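Working notes, beginning with the structure itself.
Since we're looking at a predicted model, the values are computed, not measured. Order of listing sets the numbers, starting from 1, for every ligand and every atom in it.
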Amino acid sequence: MIWTGNGIFILQTGQTGYAFRTAQGGVLQHLYYGRRLPRTEDYLLAPVTLNQPGNALLDGGSCREDLLQEAGTAGWGDLRQSLVEVRLPDGGRACDFHFSHFERPASAAPEGLPAAVGGETLKVVLKERSHDVYLELYYTVFEETDVIVRWCRLVNDSAETVWVERLMSTQLDLPADDYDLITFRGAWAREMDLVRQNLEGQLCWSSSAGVSSNRCNPFAMVCRRDAGEEHGDVWALNLLYSGNHLGTAERSAYSAIRLTQGIGGLCWQLLPGSFFDTPQAVMTYSPQGFGGISRQMHPFVRRHIVRGYWQDRERPVLVNSWEALYFKVSARRVTQLARSAKEIGAELLVLDDGWFKGRSSDDRALGDWTADRKKLPDGLASLAKDVKAQGVDFGLWVEPEMVSENSDLFRAHPDWILGHRDQAIGRNQYVLDLTRPEVCRYVTETMRSLLYEADIRYIKWDMNRILGDTFTPSLPAVRQGEAAHRYVLGLYSILRELTEAFPQVLFESCASGGNRFDLGMLCYMPQIWASDNTDASCRARIQWGYSYGYPQSVLGCHVSDAPNHQTLRRTPLESRFSVAAIGLLGYEMDPGVLSADRRQRIREQIETYKARRRLFQFGQMYRCPCPDGETLTVTVAEDGSEAAAVHFVALNAANPAQHPLRLRGLAPEKTYRLANRPAEVRMKDFGSLVNYMAPIRIRAGSLVESVADRVVKLPADQLELTASGAALCAGGFWPVQPFGGTGFNEGTRLMKDFDSRLYFLSEVEG
Ligand code: DGJ
């Protein structure tokens, strides 16, 4: 709900309130963002602003250095990072925007950029004191998910050119207090590492990689210092943008906090009569800690970011060829892989990299999107048919934004690359210059033909290098500061056309895993390959990081081989499954080369997942308390009738201290039956210890051991209990006692390193 009156603006969602007013002759003063307050006048307890000695005194007799504001500017006494910085025709940068009027448009979205769907919008227009330059602030309120989306438009109505040197999407000023900043940092194969630091001085979270990047995700949180997983005030920000981003957090000399977020590194020429739009920024507040933020962000992403045919549809279980075949693709091997995929119960076979003309390694062929006839003699359409004949759908990998030097496309258009010819190139490839409409048209048409050529139900859209040199000959020297943003606009125009033309194709975004994991891409593609790292131990941590701001319905998560190709670590097959099941399940391996026993195990995993697919993919996920080195998550169905909890333990310990597993999110009044999925206990796991019991001596690694391992079935621990949701959350349940060196039977839980248990809960009559 949006309330306006007497120069006061109050934006309310179900649980939160946000307020500002016009003050000091038209400056927008921020009043409040927090819990929803009962009465309008409650929002007017405006923070007092003092005069700061030596700083500029303004119209109303006070000073802006510490004033909480909606749109900070440079040059008028506010020394903090500003929302907007404009270079005016005389070269000066001092800007002063004053309230002009407000409107209530039925809807509004930034031009050429993705936008959240729905909500109620307020537009507030400010005018620069002495130039015909207008700043339009847009606020869209999403009542049931407690989210406010902000973005800005800068309009040049003057007769002269001005330069936008900074135009952020949002600014949030918070009153003086002790706060922490929480950001998610990393690199390839180790995305989303949570970093919590005291908010002192000036901090930032940003990417200058041209993509939203795995170095620092645009999602971030600020909390009061005493906040934790389920308690305390937390504010979160995110951006619907896939390029360079900049988030700033700073404490002023008078201890007020300012946060801003928007495009990073921009310099844009604004001609008379034109405007510039920022991407949308998402803001949410919860008094219930980080868990509260996740429970607002997840449904917001599911309902207002992801859209179209796949928004609410269950996603297929897939087998991806990358780690099974790498570049060694052939029609025979792909068809065989499709057969094994069907055999284990998967529904989609994705042919990853290596299928197109001349692509025998990663230094060639990008840009030539036709089937390699040596590998696929009958072409793509025929291969798709053969795959379909095995009983699974056909999906395909592409990397359309790139070109290899050794490719027909590059030979025909060497001038189509972004940056100079002599540049630092990543993964042996150039980035296509998507600032140019003719290049975008080529990419769109090539992808369109591919999708018409064969029955392709899924596309994995990859992007395997950062943007380095962003020089483009399409812009004059003075406007090169626009190139990185124009690249993103070009990309979005391609994605818009393709996803509208092929609404039922399931698109999965990927950038070497999570190098472009953001809300912008999710407006076009309903899921993203979360990380190239599929090691269960690393993945449990990576997915934990994503879960703060993103629901599991957008996370591609696969079971891969052991030893793992990124870490060479062996983790139990069951753990690889349990961790991948907290997301969109797939298999990144060739099930055909596994033993019949392993294949059967995988078949059961997929059956288990499919039987509760809605819960796994669309249930509400909670992070539960557990000691360091362990993760415990529970996913609860919307109506609370069922849940699935995954407990993962990185390193086993001898005779460890026991602790109960306390769940979250269960309906307190409901009664649940809890049982674990039977673990896999193998004789081999005991090594020479089997000789303590075995009637004959068994040597570790011997043939006898292999045979015994296959034949002898050892009992697995089985926990079954019935309890109320209240009890399972307050006191928790005690897992079966762990194996501690001796005395193994069905009453002991064998937890090896990197082991896990998957517990199912279903409602029963109380
Ligand atoms: C990077 C992706 O993240 C991988 O899954 C795979 O598709 C490779 N690219 C292929 O080159």
Per-atom filter on ligand 1: closer than 4.0 angstrom to a heavy atom of Cys510 are 2 (C), 3 (O)
For Asn464, the ligand 1 atoms whose distance to one of its heavy atoms is below 4.0 Å
1 (C), 9 (N)
With heavy-atom distances below 4.0 Å as the criterion, list the atoms of ligand 1 near Trp529.
3 (O), 5 (O)
With a cutoff of 4.0 Å, is Lys460 in contact with ligand 1, counting heavy atoms of the residue only?
yes
Should the proximity of Asn320 to ligand 1, defined as any heavy atom under 4.0 Å, be assigned to the side chain, the backbone, both, or neither?
neither
Which residue and heavy atom of the protein sit nearest atom 4 (C) of ligand 1, plus the separation
Asp532 OD1, 3.5 Å
What residue among Leu366, Thr370, Val329, Asp372 forms side chain to side chain contact (heavy atoms under 4.5 Å, CB included) with Phe356?
Leu366
So the atoms of ligand 1 within less than 4.0 Å of a heavy atom of Gly513 turn out to be 3 (O)
Which residue, Val579, Val319, Thr534, Leu585, forms the side chain to side chain contact (heavy atoms under 4.5 Å, CB included) with Val559?
Leu585
Just need the protein heavy atom nearest to atom 9 (N) of ligand 1, so name the residue and atom and give the distance.
Asp462 OD2, 2.7 Å
Asn217 side chain to Tyr550 side chain, donor-acceptor N/O pair below 3.5 angstrom:
yes
Going by distance only, is there an N or O of Asp352 that falls short of 3.5 Å from an N or O of ligand 1?
yes
Relative to the ring of Trp355, is the ring of Trp369 parallel (under 30°), tilted (30 to 60°) or perpendicular (over 60°)?
tilted
Compute the shortest N/O to N/O distance between Ala511 and ligand 1 and return yes if it is under 3.5 Å, no if not.
no
Within a strict 4.5 Å, meaning less than it, do heavy atoms of the Arg465 and Val431 side chains meet?
yes
Side chain, backbone, both or neither: Glu323 near ligand 1, heavy atoms under 4.0 Å:
neither
Among protein heavy atoms, which lies nearest atom 11 (O) of ligand 1, and at what distance?
Asp353 OD2, 2.7 Å
Hey, does His558 sit under 4.0 Å from ligand 1 if you only count heavy atoms?
no
May I ask you to list the atoms of ligand 1 that are less than 4.0 angstrom from any heavy atom of Ser512?
1 (C), 3 (O)
Just to verify, what does Asn244 make a side chain to side chain donor-acceptor pair (under 3.5 Å) with, not counting sequence neighbours?
none
Under a 3.5 Å threshold, yes or no: a donor from one side chain and an acceptor from the other, between Glu191 and Tyr546?
no
Do Ser294 and Arg623 meet the criterion of a side-chain donor-acceptor pair at a distance under 3.5 Å?
yes
I'd like to know if the side chain of Ser242 pairs up with that of Ser212 as donor and acceptor (distance under 3.5 Å, no hydrogens or angles considered).
no
